[in-house]
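Structure record follows, encoded as structure tokens.
Just so you know, these numbers use all the heavy atoms, side chains as well, and skip hydrogens, waters and symmetry mates. Heads up: numbering here begins at 1 and tracks the sequence.
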Amino acid sequence: MKNIRFAVLTLVYLELSMRVGTAPICANGQAGCHVPSLADLFDRVIQQSSRMHGISSDLHTEFEQYFFPTKNLIGKRKCHTYGILTPDDKENAQRLGREQLTEVILRLLGAWRDPLSQLYWSMSQDQNQERINHYSSNKALEISDMVHELRDGVAKMAEKMKLLGVLGNTVGYISPESLVPSSAFSFYRQGELNSVDHHDLLYCFRRDSNKVKNYLRILKCTTLPGLDC
């Protein structure tokens, strides 16, 4: 009987331990939730941005090698995010205030919502890239989802920064439509994207995702100096 009681108590202890270890994470401190620190939130968005940039780089390289092995490709247009003013190096990014740098990050992520969705749709319909269609369209869908998740994560991180008094209340929601001239979206209509369009979008997203990754690291270092900076 003692052995049975001991076994039952052990199982109950293990179950409680597992529940504590897998407590859901939430930003507002509801009952049963683990409230992440600002450093935790920074680490998560930085890790996610690094992964997103890695996937976009792999997809761009794969696409370029398949369609343009000679690399004699001249882009037809500017990146649609050309209107978003971004620091061109680490020093200039560090000179920006935290509010400005956070807004730049949110603007870049918001500006890619519709283009990546259209890129996925177009790739999944393109018969000219049948041999890499499954790979490329799945990766395009993955980075499209990651942009949404990362933007939400950065927004939550910004709210935490406001609560801690390290970010002003001027940083708020920025609609993608207000970021980019409407003419920049004119070539994203269904059925109008070809392989060169796909290449242009992948090239531009690889560039912008690298900026987001670097800006998040700089923002962390200016907000929480001394943490892996």
Kindly determine whether R95 and E91 satisfy side-chain contact (heavy atoms from CB on, under 4.5 Å), including the steps that lead there.
CA-CA 6 Å; R95 291 191 188 101; E91 287 71 25; 4.1 Å; yes
Can you tell me how far apart [atom1] ([X]) and [atom2] ([Y]) are? Round to the nearest 0.5 Å.
X    : Y    : atom1 : atom2 : value
L109 : D208 : CG    : CG    : 9.0 Å
E149 : M52  : CD    : CE    : 10.5 Å
C204 : W112 : SG    : CH2   : 5.5 Å
Q94  : C221 : CD    : SG    : 8.0 Å

Can K220 and D43 be said to form a side-chain contact (heavy atoms from CB on, under 4.5 Å), step by step?
CA-CA 9 Å; K220 177 185 176 182; D43 288 342; 2.8 Å; yes
H60: partners by ring-ring contact (aromatic ring centres under 6.0 Å, His included), with sequence neighbours left out:
H199
For residues [X] and [Y], determine if any side-chain heavy atom of one lies less than 4.5 Å from a side-chain heavy atom of the other.
X    : Y    : answer
R217 : T222 : no
S37  : D40  : yes
F205 : L59  : no
L202 : S56  : no
L106 : E103 : no
R207 : C79  : yes
L216 : M157 : yes
S49  : L150 : yes

Apply the test salt bridge (Lys or Arg N to Asp or Glu O under 4.0 Å) to residues E159 and K162: give CA-CA distance (whole Å), side-chain angles for both, the deciding distance (0.1 Å), then the verdict.
CA-CA 5 Å; E159 288 302 315; K162 290 178 185 178; 3.3 Å; yes
Any chain of hydrophobic side-chain contacts (each under 4.5 Å) joining [X] to [Y]?
X    : Y    : result
L38  : V154 : yes
Y120 : L116 : no
M161 : L224 : yes
I84  : L219 : yes
V147 : Y203 : no

So which atom in S209 and which in H53 form the shortest heavy-atom distance, rounded to 0.1 Å?
OG-ND1, 2.9 Å
Test side-chain contact (heavy atoms from CB on, under 4.5 Å) on D58 and I55 and set out the steps.
CA-CA 5 Å; D58 290 344; I55 294 173; 5.7 Å; no
Residues K213, N210; criterion side-chain hydrogen bond (donor to acceptor under 3.5 Å, both in side chains); working and verdict
CA-CA 5 Å; K213 177 190 68 173; N210 187 52; 3.2 Å; yes
Is the shortest side-chain N to carboxylate O distance from R51 to E142 below 4.0 Å?
yes
Does the side-chain contact (heavy atoms from CB on, under 4.5 Å) test come out yes or no for M123 and F63, once each step is laid out?
CA-CA 11 Å; M123 279 186 165; F63 193 89; 3.9 Å; yes
Between the main-chain N or O of [Y] and the side-chain N or O of [X], is there a donor-acceptor pair closer than 3.5 Å?
X    : Y    : value
Y215 : P87  : yes
S122 : L119 : no
R98  : V166 : yes

